[in-house]
Amino acid sequence: MSDTPANGRTPLDRTPQWAALGKHRAELGDQHLRELFAADPDRGSRYTLQVGDLFIDYSKHLVTDRTLDLLRQLAAATGVAELRDAMFRGEKINTTEDRAVLHTALRAPRGAVVEVDGENVVPAVHAVLDKMADFSERVRSGVWTGHTGKRIRNVVNIGIGGSDLGPAMAYEVLRSYTDRDLTVRFVSNVDGADLHEAVRDLDAAETLFIVASKTFTTIETVTNAVAARSWLLEQLGAGEEAVAKHFVALSTNAQGVADFGIDTANMFEFWDWVGGRYSYDSAIGLSLMIAIGSERFQEMLAGFRLVDEHFRTAPAEQNAPLLLGLLGVWYGAFFDAQAHAVLPYSHYLSKFTAYLQQLDMESNGKSVDREGRPIDWQTGPVVWGTPGTNGQHAYYQLLHQGTKVIPADFLGFARPVDDLRAGLVAQHDLLMANFFAQTQALAFGKTAEEVAAEGVPAELVPHKTFRGNHPTTTILADELTPHVLGQLIALYEHKVFVQGAVWNIDSFDQWGVELGKVLAKKIEPVLLTGEGGEALDASTASLVGRYRELRGRK
Ligand SMILES: O=P(O)(O)OC[C@H]1O[C@H](O)[C@H](O)[C@@H](O)[C@@H]1O
């Protein structure tokens, strides 16, 4: 980095690289993807990358060689590579929390050396992975039994945010690899309905609860864990001694786990250098490991590692997370894009975008830079999306004909999962035909002339015209395996990293979630007693009053 962060980096929008990009954007004007493809017929093959199993086509983006060159210059000027190396080295790049950022150490090979405060953390990572593997095997094989001696058939993960979204997503993605005799559920919401629905048809004697919380202070998780313990003991008609066989904890906080009443022998540890939203390949993945087995989990870790290595070593021109990150910077800054859609053409990826929402929005939804100065440029986008083809029959209308710039990632796979019936396998081509059709339609649209040539009445022509020029990335892989899932997640993790580095924000804190928690703590007693309502603002006081009335509280 040329300007030292200690003195405050030159604000991004005052760098010469930013100015050059702005000028270039003006020159590009409203050039259409149709023109860009006409000017460069090789674009479709040239603007592609292969990273492990992921084939990435970025040809349908509103960029030229010059754009990409200028974006890479911006990355160089903003010290993306230096910050990346500092992250991999275990430096405390999460400055507001004074923490290292080392999710990459979670998938470091046995024998690697990654130091935090002079201590190699890799042996501890592998010790926990081994302990997880041993425990998972005992549950899967029926050696681990519940209090009454019955084998475990149900696993309920209780956690929220990063202690829920990752394993819940990955369990869904890898369903075809799971032990189908196990029921695995995820409870996160403090709304009692979540736990109620998750356990109502389960036999407590066959149920294992995994309480997942980095801090072990999160109110939702602690509340649900207490409720789950009461349910268990009531169902079993047993005392506290039953807890040890039915509750394990995943946490960085051994004291909190012990205080809750879970034996720390049944605790799987991780560390403060693992951010919650970067944690599902740590102990937080225990429910997933029980579902898919440790070998598959290891394959997934190898996928993460492959992309870590790519990100760390690939030259800028071929560096996929760098490229995807920079494209997002480009649209936010120079097209005023506020949103980013992630549209997987695999039903197994139904929770993928929800997972990415935390990864991306909690990391980069910031408006001050690392030095605490207000930011004048777009930071993290609104990330959203659901699996195709469902979205096509709902909100794709806006993507095709709306007024907004929403770059989108399309994720697809050449082969359906192995255990589909033959008849259903045949549907895969139909799914993928839609996948290819959508990015084609978004990019190239349909001109008024083309519409009119079909004999459409003149007054309807504007309505049936598709402007096109909507940028998309296509990510295509052979098959959705654990290895490929690891690659995909690491790709997005590092893309988010790149953007935070360019924008000069701390992507690893989340102070923005605190205020609501503090206020909720103050409001809860008011709901119960009515006392203290006068201290609330007029709107909230009136709403709370109405709530109390509806609940019959005087
Ligand atoms: O794992 P926990 O400590 O229970 O935290 C669960 C989640 O809640 C917090 O409020 C943060 O916003 C998330 O980053 C975190 O993943």
Side-chain angles (χ1 to χ4, degrees), residues 96-97 156-165 168 185-200 209 211-234 251 253 256-257 259-261 275-277 338-339 351 353-368 372 374-375 379-384 386 506 509-554:
T96 71
E97 294 181 318
V156 180
N157 186 85
I158 299 179
I160 198 164
S163 299
D164 164 70
L165 290 163
R185 292 184 180 157
F186 296 85
V187 171
S188 53
N189 204 323
V190 77
D191 182 344
D194 199 0
L195 181 64
H196 170 68
E197 292 297 336
V199 299
R200 57 184 292 280
F209 289 97
V211 186
S213 176
K214 179 177 168 180
T215 57
F216 232 77
T217 56
T218 305
I219 196 91
E220 288 88 339
T221 301
V222 174
T223 306
N224 277 325
V226 169
R229 184 169 55 189
S230 312
W231 174 83
L232 180 98
L233 300 183
E234 198 182 298
S251 190
N253 178 2
V257 170
D259 291 348
F260 179 82
R277 54 194 173 275
Q338 315 261 335
K351 293 187 174 170
T353 311
Y355 170 79
L356 291 185
Q357 283 180 327
Q358 187 197 16
L359 175 64
D360 198 324
M361 295 165 79
E362 201 172 60
S363 295
N364 286 341
K366 313 280 164 70
S367 54
V368 294
I375 276 178
T379 59
V382 178
V383 177
W384 62 283
T386 49
D506 186 337
D509 62 13
Q510 57 284 318
W511 300 108
V513 305
E514 295 304 323
L515 178 60
K517 291 185 193 173
V518 172
L519 297 181
K521 257 194 197 148
K522 287 190 183 156
I523 289 176
E524 195 196 0
V526 185
L527 299 183
L528 291 168
T529 65
E531 280 163 36
E534 62 289 346
L536 300 171
D537 66 273
S539 163
T540 311
S542 147
L543 288 166
V544 164
R546 182 166 293 259
Y547 172 84
R548 283 182 45 78
E549 246 172 71
L550 290 168
R551 295 295 305 265
R553 293 178 189 155
K554 287 281 163 291

_Cationic N near anionic O, under 4.0 Å, Lys517 to Glu514_ = yes
Identify the heavy atoms of [X] and [Y] that sit nearest to each other, and give their distance.
X: Gly533; Y: Ala541; value: O-CB, 3.8 Å
X: Ala212; Y: Asn157; value: CB-OD1, 3.8 Å
X: Val257; Y: Ser251; value: CG2-CB, 3.7 Å
X: Ile158; Y: Phe209; value: CD1-CD2, 3.8 Å
X: Ala339; Y: Trp384; value: CB-NE1, 3.7 Å
X: Arg548; Y: Leu528; value: NH1-O, 3.1 Å

*Partner set under side chain to side chain contact (heavy atoms under 4.5 Å, CB included) for Ile219, not counting sequence neighbours*: Thr223
*Just jot down the side chain to side chain contact (heavy atoms under 4.5 Å, CB included) partners of Arg200, sequence neighbours excluded, or say none.*
His196, Glu197
*Could you go step by step and tell me if Leu195 and Trp231 meet the side-chain contact (heavy atoms from CB on, under 4.5 Å) rule?*
CA-CA 10 Å; Leu195 181 64; Trp231 174 83; 5.7 Å; no
Any [X] side-chain heavy atom under 4.5 Å of [Y] side chain:
X: Lys351; Y: Leu165; result: no
X: Arg277; Y: Asp360; result: no
X: Asp194; Y: Ser188; result: yes
X: Ile523; Y: Leu536; result: yes
X: Glu362; Y: Val513; result: yes

Looking at [atom1] of [X] and [atom2] of [Y], how far apart are the two atoms once the value is rounded to the nearest 0.5 Å?
X: Lys522; Y: Thr540; atom1: NZ; atom2: OG1; result: 12.5 Å
X: Leu543; Y: Leu527; atom1: CG; atom2: CG; result: 11.0 Å
X: Asp506; Y: Ser363; atom1: CG; atom2: OG; result: 9.5 Å
X: Glu97; Y: Gln510; atom1: CD; atom2: CD; result: 5.0 Å
X: Asp164; Y: Gln358; atom1: CG; atom2: CD; result: 9.0 Å
X: Asp259; Y: Thr217; atom1: CG; atom2: OG1; result: 12.0 Å

*Can you list the steps and then say if Thr218 with Ile160 is a side-chain contact (heavy atoms from CB on, under 4.5 Å)?*
CA-CA 8 Å; Thr218 305; Ile160 198 164; 3.6 Å; yes
*Looking only at atom types and distance, does a side-chain atom of Arg185 sit under 3.5 Å from a main-chain N or O of Val156, one as donor and one as acceptor?*
no
*Just wondering, are more than 12 heavy atoms of other shown residues or ligands nearer than 6.0 Å to CD in Glu524?*
no
_Between Asn224 and Thr221, do the side chains contain a donor N or O and an acceptor N or O under 3.5 Å apart?_
no
*Could you list the residues that satisfy side-chain hydrogen bond (donor to acceptor under 3.5 Å, both in side chains) with Asp509, not counting sequence neighbours?*
Thr96, Lys366, Trp511
